[in-house]
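For reference, the structure is listed below as structure tokens.
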Amino acid sequence: MNEAFIIEAFDKKYEEFVIPFLEKCLPQSGRTLDLEERHSLYLDIEKNFAYFWCMFDRSTGKNKLIGTIAVRDLGAGRCELKSVYLLEKYHGRGLGYMMLQTAVSKAREAGYSAMYLDTMSSSRKAIALYEKFGFKNVAIRKRYYSNGEDAYLMIKELEG
């Protein structure tokens, strides 16, 4: 593991970095930050997520936020993988896999039996990563939010 990259549990001191990070990261994957509706969860991270992590690049001597990942409780022993974002410049280094390991391990440790996610059908690299990590496609839903794109719905069983 490259020690220049660290994952830390969300702390209030990181709050000021999350929205600017999303403003930069989301357009790289064809998304737009919508804090009034779809992304309003980020206005109160501690309330809206069971777990939230920030990945930092410390190679420059500063803690630069380069990625996020979160788990949201769905009840009945189920959770949802959320906020899997990594700046494009850092793709292909195993960092997304590292973030997934953190989230899935914590969800399993917390007693969740299944983890769900949805992603845009155009997110081929993300879908390949999820499949490599053991997520299975369970459905395709039309109209991913308001952009008209299909969504992949995926699940990973966490028990056993």
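Counting begins at 1 with the first residue of the sequence.
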To the nearest 0.5 Å, tell me how far [X] [atom1] sits from [Y] [atom2].
X      : Y      : atom1 : atom2 : answer
Lys106 : Leu158 : NZ    : CG    : 13.5 Å
Arg38  : Leu41  : CZ    : CG    : 11.0 Å
Lys64  : Phe5   : NZ    : CZ    : 9.5 Å
Leu117 : Arg72  : CG    : CZ    : 14.0 Å
Thr119 : Ile127 : OG1   : CD1   : 5.5 Å
Met115 : Lys156 : CE    : NZ    : 9.0 Å

Please report the shortest heavy-atom distance between [X] and [Y], naming the atom on each side.
X      : Y      : answer
Ser40  : Asn48  : O-ND2, 4.4 Å
Phe52  : Ala70  : CD1-CB, 3.4 Å
Val71  : Cys79  : CG1-CB, 3.6 Å
Ile155 : Glu157 : CD1-OE2, 3.5 Å
Cys54  : Leu65  : CB-CD1, 3.5 Å

Heavy-atom check, side chain of His39 versus side chain of Thr32, under 4.5 Å: no
Side-chain touch Tyr116/Met154, heavy atoms, less than 4.5 angstrom: no
Main-chain N/O of Thr102 paired with Ser105 side-chain donor or acceptor, under 3.5 Å: no
With a 3.5 Å cut-off and sequence neighbours excluded, list the donor-acceptor pairs that the side chains of residues 83-91 form with protein atoms.
| from | atom 1 | to | atom 2 | distance (Å) |
| --- | --- | --- | --- | --- |
| Ser83 | OG | Tyr42 | OH | 3.1 |
| Ser83 | OG | Thr68 | OG1 | 3.0 |
| Tyr90 | OH | Asp57 | OD2 | 2.7 |
| His91 | ND1 | Lys125 | NZ | 3.2 |
| His91 | NE2 | Leu86 | O | 3.0 |

Worked verdict on Ser113 versus Arg108 for side chain to side chain contact (heavy atoms under 4.5 Å, CB included): CA-CA 7 Å; Ser113 60; Arg108 189 176 279 129; over 6 Å; no
Side-chain H-bond candidate by donor/acceptor type, Asn137 with Tyr130, under 3.5 Å: no
Distance-only donor-acceptor pairs under 3.5 Å for side chains of residues 6-23, two or more places apart:
| from | atom 1 | to | atom 2 | distance (Å) |
| --- | --- | --- | --- | --- |
| Glu8 | OE1 | Tyr14 | OH | 2.0 |
| Asp11 | OD1 | Lys13 | N | 2.9 |
| Lys12 | NZ | Glu15 | OE2 | 3.3 |

Cation-pi geometry met for Lys132 and Tyr97 (6.0 Å, 45°): yes
Chi angles and distances behind the side chain to side chain contact (heavy atoms under 4.5 Å, CB included) call for Ile66, Phe56: CA-CA 5 Å; Ile66 63 163; Phe56 295 96; 5.9 Å; no
